[in-house]
Amino acid sequence: MYTAPRGTIDILPEDQPYWHMLRNEIARVTEQFGYQRIDVPCFEETSLYVRGVGEGTDIVDKEMYSFQDKGGRDITLRPEFTAGIMRAYLEHGMRTLPQPVKLYTMGPIFRYERVQAGRYRQHTQFDVECIGEQDPAVDLEVMSLAWQLYANLGFHGLSFQLNSTGCPKCRPGYIAQLVAYYQGHVDEICDDCKRRLQRNPLRLLDCKNEGCQPIIAAAPHTSDHLCPECADHLGTLRGYLDVLERPYTINHRLVRGLDYYTKTVFEVWAEGIGAQNAVCGGGRYDGLAEQLGGQPTPGIGFGSGMERLVLTMKEQGLPAPTQPAPQVVLVYLGAPAKTAALVVLHGLLNRGIRAQIGFGDRSIKAQLRNANRLGARYVLIIGEQELSEGVAVLNDLSGEQPERRLALDGAVAALAALL
RNA sequence: GUGGGCGUAGCCGAGUGGCUAAGGCAUCUGGUUGUGGCCCAGAAGACCGUGGGUUCGAAUCCCACCGCUCACCCCA
């Protein structure tokens with residue numbers, strides 16, 4: 001027996017109401033904020049991600065689905081959206097459009113990781129990118145869009161985390177200070193942190209090992225070592241957030257594994273979906289366009305994991321409207337009646353009525369049982385005797401109305417009037 | 001890559017060495033050769049994850065592998 005590949009899931013009909021609702025709210029909020037849909041390929045040249053996301057990051061070093069196609073090209077299934085969207089922005093000369101260019105997309109993302117609750121090898125992301133403007137008010141807008149979406153969905157208890165990781169001017173100085181600080185505590189930190197100290201010092205800040213916590217607590221804060229430009233950016237953004245009374249937490253330990261992030265970095269956390277509690281992560285990437293060979297172009301965006309959002313919707317008991325039940329189910333007995341029933345069925349469908357019919361020539365009893373199971377309001381029964389009399393029996397399954405007979409050739413019109 | 005938990009029908013789940021492997025949900029059939037829900041009767045559905053070992057005898061004990069799951073790492 002085949003099973004879905006590890007790290008992939010089937011989204012069954014019973015879960016689709018949640019997805020439907022989520023997509024509806026996304027369509028609503030993106031339209032409201034004036035973001036336009038873009039769709040980029042599910043795979044790109046491998047080097048786009050290597051240059052965009054950055055060597056030394058976990059994504060590039062060990063999580064990409066990379067392969068050579070039959071033409072010998074190095075290809076990678078997209079492990080994130082931003083690099084591909086920036087590529088499209090540059091390729092199609094979008095700098096000639098009014099700036100900033102406000103884009104969103106949705107689709108599958110692939111990362112070769114060990115699976116756990118809320119983490120998959122193929123997951124679906126809702127992604128927003130605002131490219132071409134460095135104004136902190138853009139940061140506010142992008143964050144607000146996320147806020148608005150989660151509010152529309154009815155989420156509660158979400159926590160918004162904010163930090164700034166500086167820019168190429170001030171980050172190296174901060175990292176040097178952080179490294180110097182940690183070198184004074186080498187014997188007190190865990191083995192993982194000793195490794196981080198060499199490879200990716202920023203990650204020292206989000207170690208969860210208990211012994212490392214006091215060291216982290218006393219470590220220098222990124223936000224205290226920003227250059228004037230970055231400090232001003234963060235200060236202005238915080239001012240906007242405060243005026244709008246957006247609740248958020250400054251999280252000095254919030255850092256990013258991807259190289260292209262500058263200045264603003266933020267996440268949204270949800271409770272109750274396991275250790276993978278980030279439902280949204282993003283930030284500013286003013287250096288990305290240049291890394292991809294384009295003109296310097298600022299940008300900010302976020303990705304939001306839709307499977308995690310659905311998990312959160314379920315966890316919080318949010319109602320999702322289910323697909324409506326059929327209004328009428330046709331029931332027949334015998335081949336001539338079946339033909340007549342099919343004529344009525346398609347007459348109803350042409351009028352936009354949700355009508356269905358049972359297949360396989362089962363007994364009346366079985367057909368009625370099925371109609372009941374489908375939650376149908378009415379059944380229209382055509383048997384041998386009815387057919388010979390040119391009528392059909394309309395039965396209200398809710399029991400509110402007594403059974404009645406309709407002329408077969410007027411049945412469609414009569415039902416259309418009734419419904 | 002590392003560690004914990006778990007694998008009995010589509011789903012839930014009893015059974016922890018010994019007759020043809022419980023039960024429930026769901027499915028199908030019947031209870032008036034034409035009326036659903038409730039009820040009753042019946043049917044179908046499992047090589048007990050796979051392979052090996054111990055034993056007179058294994059779903060049950062041992063080993064290996066595979067799969068699922070949770071956590072670390074990292075991220076959405």
Side-chain angles (χ1 to χ4, degrees), chain A residues 1-9 12 14 53 56-63 78-82 106-128 146 190-193 195-196 199-200 202-203 206-209 254-258 265-270 273-283 301-312 329 331-334 337 358 360 362-387 392-399 403:
Chain A
M1 268 276 269
Y2 284 110
T3 55
R6 176 175 289 183
T8 66
I9 56 166
L12 300 175
E14 63 194 49
V53 177
T57 61
D58 277 13
I59 289 182
V60 169
D61 287 356
K62 51 187 200 193
E63 295 178 358
R78 65 183 176 209
E80 57 114 44
F81 270 117
T82 306
M106 227 183 294
I109 291 293
F110 306 88
R111 289 181 202 170
Y112 189 83
E113 299 184 272
R114 280 298 289 265
V115 175
Q116 69 186 279
R119 197 176 75 186
Y120 311 96
R121 289 183 174 178
Q122 176 183 332
H123 76 276
T124 315
Q125 245 179 65
F126 163 54
D127 183 87
V128 165
C190 69
D191 290 343
D192 280 338
C193 279
R195 198 166 41 79
R196 292 188 184 100
R199 275 192 60 213
N200 199 343
L202 277 183
R203 297 236 69 96
D206 62 358
C207 177
K208 294 180 184 78
N209 192 303
L254 185 60
V255 295
R256 294 268 89 142
L258 316 190
V265 47
F266 66 94
E267 284 184 4
V268 181
W269 295 351
I273 59 172
Q276 313 304 314
N277 65 341
V279 294
C280 173
F302 67 81
S304 192
M306 293 175 69
E307 285 80 1
R308 289 184 189 177
L309 292 176
V310 167
L311 284 174
T312 305
V329 169
V331 171
Y332 59 88
L333 188 69
R362 279 199 258 275
S363 67
I364 294 274
K365 182 191 187 111
Q367 291 184 62
L368 281 166
R369 203 177 358 238
N370 187 241
N372 196 62
R373 190 79 199 278
L374 291 169
R377 174 67 196 272
Y378 294 101
V379 289
L380 189 69
I381 304 168
I382 307 173
E384 287 160 348
Q385 198 177 334
E386 284 81 3
L387 188 63
V393 174
L394 181 66
N395 200 333
D396 179 356
L397 289 184
S398 70
E403 191 172 283

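Model, not experiment: these values are computed from the prediction.
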(request) Please name the residue in the list Val393(A), Val329(A), Leu394(A), Val331(A) that meets the side chain to side chain contact (heavy atoms under 4.5 Å, CB included) test with Leu380(A). (result) Leu394(A)
(request) Provide the distance between the two P atoms, one in rA41(B) and one in rA26(B), to the nearest whole Å. (result) 15 Å
(request) Give a yes/no on whether any side-chain N or O of Gln125(A) is located under 4.0 angstrom from OP1 or OP2 of rA76(B). (result) no
(request) Looking only at non-hydrogen atoms, find the nearest pair between Tyr332(A) and Ile364(A) and report the distance. (result) O-CD1, 4.1 Å
(request) Assign each of Arg369(A) and Ala4(A) to its nearest nucleotide of RNA chain B by heavy atoms, then name whichever residue's nucleotide is nearer the 5' end. (result) Arg369(A)
(message) Please report the distance separating the P of rC6(B) from the corresponding atom of rA64(B), rounded so that it comes out in whole Å.
(response) 16 Å
(message) Whether the side chain of Lys365(A) and the base of rG37(B) hold a donor-acceptor pair under 3.5 Å is what I'd like checked.
(response) no
(request) Report the distance from atom CZ of Arg111(A) to atom P of rC75(B), rounded to the nearest whole Å. (result) 8 Å
(request) Using a heavy-atom cut-off of under 4.0 Å over every strand shown, decide if Gly274(A) touches base, sugar-phosphate, or nothing. (result) sugar-phosphate
(request) Using only side-chain N and O atoms of Ser363(A), determine if any of them is under 4.0 Å from OP1 or OP2 of rG30(B). (result) yes
(message) Taking rC47(B) as the reference, what is the distance to rA9(B) when you measure between their C1' atoms (whole Å, please)?
(response) 13 Å
(request) Walk me through it: do Cys280(A) and Phe126(A) pass the test side-chain contact (heavy atoms from CB on, under 4.5 Å)? (result) CA-CA 9 Å; Cys280(A) 173; Phe126(A) 163 54; over 6 Å; no
(request) Can you tell me, in whole Å, how much space there is between the P of rA46(B) and that of rA22(B)? (result) 13 Å
(message) Rounding to an integer number of angstrom, what distance separates rA59(B) and rC40(B) when you compare their P atoms?
(response) 34 Å
(request) Establish, with yes or no, whether the OP1 or OP2 oxygen of rC72(B) is under 4.0 angstrom from a side-chain nitrogen or oxygen of Gln116(A). (result) yes
(request) Please measure how far the C1' atom in rU55(B) lies from the corresponding atom in rA14(B), and state the result in whole Å. (result) 25 Å
(message) With a 4.0 Å limit, can you tell me whether Arg114(A) has a side-chain N or O closer than that to the phosphate oxygens OP1/OP2 of rC72(B)?
(response) no
(request) Looking at every strand, decide which applies to Arg119(A) at a 4.0 Å heavy-atom threshold: base, sugar-phosphate, or nothing. (result) base
(message) Using the C1' atom as the point on both nucleotides, what is the distance between rC62(B) and rU54(B), in whole Å?
(response) 7 Å
